[in-house]
Amino acid sequence: VLTESQPADGAALAMAPPMLSLVFNEPVMPIRIQLIGPTGMLAAVRVEPAANGAGLAIFPAAALLRGAYTLSYRVTSADSHHQLNSCIDR
């Protein structure tokens, strides 16, 4: 279960963050991470797992354009699959 995201879902930001993060209540393995931009295009990202396995750091590969973004992710844990969405705004 997702316990925290940075930036928080629905946050309005003055500048694009250099990193997004997702924290779960147990270790997860990413299946698919997509950052969808305001035009519907996918932004390239690099994903790094946290040392304890219960978090993911997502780094955009290039500067993000102004507008609303959706971070779509699918992860798997030892007992189930989760697919949730978080939004950021720049």
Side-chain angles (χ1 to χ4, degrees):
V1 174
L2 182 70
T3 60
E4 181 182 343
S5 66
Q6 290 296 325
D9 187 21
L13 308 174
M15 308 177 68
M19 178 189 79
L20 306 136
S21 66
L22 301 172
V23 179
F24 299 88
N25 68 337
E26 63 183 323
V28 297
M29 291 289 294
I31 295 173
R32 184 182 68 227
I33 308 291
Q34 294 180 314
L35 184 58
I36 305 161
T39 64
M41 296 292 292
L42 294 178
V45 296
R46 183 179 86 242
V47 179
E48 295 181 9
N52 69 359
L56 299 172
I58 299 107
F59 298 91
L64 301 177
L65 301 173
R66 180 171 289 283
Y69 285 77
T70 300
L71 179 61
S72 173
Y73 58 91
R74 183 170 182 159
V75 297
T76 187
S77 64
D79 60 357
S80 64
H81 296 275
H82 305 279
Q83 185 167 7
L84 304 168
N85 293 307
S86 294
C87 295
I88 62 168
D89 188 17
R90 176 175 188 285

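As a basis for the values below, the full set of heavy atoms in this structure was taken, side chains included, without hydrogen atoms, waters or symmetry mates.
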By salt bridge (Lys or Arg N to Asp or Glu O under 4.0 Å), E48 pairs with (sequence neighbours left out) R46
Within-4.5 Å side-chain heavy-atom neighbours: P27 and N52 = no
Show your working on side-chain contact (heavy atoms from CB on, under 4.5 Å) between L22 and V75 and close with a plain yes or no.
-> CA-CA 11 Å; L22 301 172; V75 297; 6.0 Å; no
Close side-chain approach of L42 to L35, heavy-atom, < 4.5 Å = no
Applying the 4.5 Å side-chain criterion to the ILVMFWY set and letting contacts propagate, would I36 and I33 be lumped into a single cluster?
-> no
Closest heavy-atom contact between P18 and P60?
-> O-CD, 3.5 Å
Partners meeting side chain to side chain contact (heavy atoms under 4.5 Å, CB included) with M29 (sequence neighbours left out) = T76
Hey, could you give me the CG/CG distance between L2 and D9, rounded to the nearest 0.5 Å?
-> 9.0 Å
Applied to residues 35-45, the salt bridge (charged side-chain N to carboxylate O under 4.0 Å, His left out) test, sequence neighbours excluded, yields none
With rounding to the nearest 0.5 Å, note down the distance linking OH in Y69 to CG in L64.
-> 4.5 Å
Any chance you could pull the hydrophobic cluster mates of M41, using side-chain heavy atoms under 4.5 angstrom and chaining through other members?
-> none
Would you say T3's side chain and V23's backbone share a donor-acceptor pair under 3.5 angstrom?
-> yes
Members besides M19 in its Ile/Leu/Val/Met/Phe/Trp/Tyr cluster (side-chain heavy atoms under 4.5 Å) | F59
Which value, rounded to the nearest 0.5 Å, describes the distance between S21 atom OG and L56 atom CG?
-> 9.0 Å
Heavy-atom pair with the smallest gap, counting every atom of A14 and R66 = O-NH2, 4.2 Å
